[in-house]
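In what follows, a single structure is set out as structure tokens and then discussed.
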Amino acid sequence: MAESYRRSQWSNGLFILPYLSVFIVLLVFPLFWGAWLSLHKVDLFGPGRFVGLGNYARVLADPVFLQALRNSIVFVLVSVPSLVVLGLFLALALNKTTRTTSFLRGLFFSSSVLSVTIVTLIWRFVFIPGDGLLAVISEQFGVQPVNFLSTSGWSLFSVGVATVWWCIGLPMMLFLAALQQIPNDLYEAAALDNASPWRVLKRVTLPSIARTIMLVTIIQIVMQFQLFGQAQLMTNGGPNGTSRPLVMYIYEVGFVRWDVGKAAAASEFLFLIILVAAMAQYVVSSRKSEASE
Amino acid sequence: MSASIEITNVTKHYGALSVLDDISLSIKAGEFVVFLGPSGCGKSTLLRMIAGLEDVTAGTISVADRRVDTLPPGKRGVAMVFQSYALYPHMTVAQNMSFGLENIGLPKPEIERRVSQAAATLEIAHLLDRKPAKLSGGQRQRVAIGRAIVKEPKAFLFDEPLSNLDAALRGRTRLELAQLHARLGSTMIFVTHDQVEAMTLADRIVIMHNRKIEQIGTPMEIYRRPASRFVAGFVGSPAMNFVPLTSVTSNGGTINIGTSGLGDIHAAFHLPSGFSPDGASLGIRAEDVTVLPAGQTGIALKAEVVERLGDRTLIYGHLSDGTKLTAETDGRSEARGGDTLQIALDTTAIHLFDAAGTAHHSEGD
Ligand SMILES: Nc1ncnc2c1ncn2[C@@H]1O[C@H](COP(=O)(O)OP(=O)(O)O)[C@@H](O)[C@H]1O
Ligand SMILES: [Mg+2]
């Protein structure tokens with residue numbers, strides 16, 4: 001019986017084989033290839049020359065890289081908490097089944113299905129100087145309009161606003177799914193226990209969805225470190241690189257200046273950051289959930 | 001600490017669905033009242049309206065002579081034990097019990113005193129630092145009761161609190177609830193569909209059926225003098241036997257009851273003048289049907305299934321006209337399926353039900 005059980009387990013593995021092979025070809029292989037590239041001087045012409053950690057040294061010495069790294073970190077530090085808090089807020093507000101809430105859920109989620117091109121088009125209409133929505137409004141109030149897309153500080157902020165608007169659907173839906181798992185009788189017990197709405201949120205709701213909050217945070221950190229399209233299309237990294245994120249740096253070094261080895265080295269840094277972020281959150285969340293059992 | 005509860009003309013609708021219709025009930029301070037009825041008859045709904053978890057569509061509810069049906073749940077002075085226990089999963093047992101007390105701003109020493117006292121009473125003191133996930137079903141149950149006790153409520157509301165326990169634990173907890181009621185002397189309302197729980201715990205049972213209260217009475221009243229055919233059939237195990245009537249003739253204090261399966265029966269009854277045998281039936285419990293010793297002649301019962309319970313034997317069979325009837329006899333009976341037995345009825349224990357289901361009881365007992 002044990003034998004047949006083991007055999008059936010192996011045959012179950014066959015079902016994931018197609019996926020596994022695609023995964024290896026498209027993910028694991030490039031991972032190692034990228035690592036190999038980062039140790040070589042590679043350009044468009046001819047094979048690479050082994051340079052050891054030379055590319056890494058060049059990347060770390062590049063002020064443009066350091067600026068892009070800083071931009072990405074700032075962007076993640078602002079956009080991820082915004083997405084988590086706003087997503088949670090929307091989920092709490094829409095956690096009832098009425099016609100209005102279903103409509104609003106659909107509405108807030110609908111931005112997620114748009115392509116980055118359309119998202120940036122929409123937000124360019126808002127932020128663009130002269131005829132942009134914000135410019136028109138500030139003129140109405142007699143305020144000197146800010147040139148959002150080409151003022152240092154405001155440009156990254158504008159990209160962040162467009163990003164939060166674009167990405168809010170997934171956190172909201174994940175939070176809604178988690179909220180719906182909370183048994184209603186807990187809220188009834190809390191009502192009989194005279195708990196204020198704030199106490200209910202703090203002592204019943206938030207602890208019950210702690211895992212989901214962690215999960216959403218990890219997902220968003222990983223996603224927002226990969227910011228590229230919005231920045232490229234809205235500000236092109238400007239002014240003076242103040243809204244250039246890491247991925248855009250990698251793109252420019254690798255595909256505009258064709259310094260592939262250096263770009264690969266920068267990618268490895270990005271990979272490391274995302275890995276560390278994910279691991280840190282994972283450790284925190286597993287320790288938290290142990291304490292709650 | 002205990003309080004009377006007054007329910008006056010309470011009606012409940014969910015949209016177009018009417019669940020409870022014009023319910024009135026008064027519960028005395030310190031009384032243990034059980035709502036008994038089949039699933040879906042609105043017991044939980046009535047309990048939840050007292051707790052404040054459902055709105056009343058019409059009518060009023062008062063606790064300790066104060067109208068509460070417009071107050072939020074926490075302000076009604078009642079505590080509820082849920083069927084699922086509804087313990088806060090992320091709080092320890094102690095936190096679960098003190099949460100409600102913290103919310104009303106009770107001083108810490110008082111909270112600690114109440115929690116440790118309740119924990120001692122319920123023998124859960126060693127569990128105070130555990131989370132609910134690390135407790136057994138019975139332990140969770142105790143914590144849920146503890147969470148109610150520490151509030152020192154005017155009334156306790158229980159919604160099928162024993163239904164998630166195994167049989168042995170259910171019996172023990174039932175006993176402990178009775179002891180708890182005796183010690184605290186609080187008003188308690190207990191919802192169940194289990195008649196054994198109702199019979200053993202209740203001072204009074206409220207039988208609910210079809211959006212209405214069918215009968216309110218002590219367990220013995222309910223059992224011996226059921227107000228309707230529904231109550232008679234719902235309470236008691238095995239269920240009461242019903243035999244259709246063919247005729248009724250009254251002569252003074254006694255009547256002649258004609259049936260096709262049991263023949264003619266003579267019993268002491270005061271029936272209203274308009275009582276018609278159409279659609280009426282005679283009811284008698286299995287324990288009031290005697291199996292006659294061999295050689296005596298009575299009413300023939302063809303046994304189909306014989307159930308031996310050790311102390312007694314249940315004989316499921318049918319009468320000459322095919323009407324089903326169950327008889328109870330002692331544990332040493334040697335009757336077997338297929339036998340034809342001779343039986344007799346205790347005519348003082350007969351009930352008659354008119355076509356509408358209203359009961360009339362024999363004057364004999
Ligand atoms: N929230 C609700 N919406 C609509 N119908 C409900 C709701 N709650 C209960 N009901 C209906 O009310 C009736 C009584 O339910 P309930 O009080 O839970 O019965 P019981 O506790 O006696 O089993 C049932 O028919 C049930 O379907
Ligand atoms: Mg119920």
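This structure is a prediction, so every number in the text was calculated from the model and none was measured. All chains are named by letter (A, B, ...) in the order of the sequence lines, taking the proteins before the strands, and each is independently numbered beginning at 1.
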Does [X], at its [atom1] atom, have more than 12 non-hydrogen atoms belonging to other residues, nucleotides or ligands within less than 6.0 Å?
X: B/Arg183; atom1: CZ; value: yes
X: B/Asp166; atom1: CG; value: yes
X: B/Tyr14; atom1: OH; value: yes
X: A/Phe269; atom1: CZ; value: yes
X: B/Arg113; atom1: CZ; value: yes

request  = Would you mind reporting whether B/Glu102 and A/Arg199 have side-chain heavy atoms less than 4.5 Å apart?
outcome  = yes
Counting heavy-atom pairs under 4.5 angstrom with chain A, the leader among B/Ser84, B/Ala86, B/Ala79 is B/Ala86
Residue from B/Met80, B/Lys75, B/Lys151 scoring the most non-hydrogen pairs under 4.5 Å with chain A is B/Lys151
Nearest heavy-atom approach of A/Ser208 to B/His90 is CA-NE2, 3.3 Å
B/Tyr88 and A/Leu186 have their tightest heavy-atom pair at CE2-O, 3.7 Å
Expected contact set for residues 191-198 of chain A against chain B at heavy-atom separation under 4.5 Å reads A/Ala191, A/Leu192, A/Asp193, A/Asn194, A/Ala195
Between [X] and chain A, with a heavy-atom cut-off of 4.5 Å, which part of the residue counts as in contact: side chain, backbone, both or neither?
X: B/Arg147; result: side chain
X: B/Arg76; result: neither
X: B/Gln83; result: neither
X: B/Leu87; result: backbone

Turns out that what part of A/Pro183 lies under 4.5 Å from chain B's heavy atoms comes down to neither
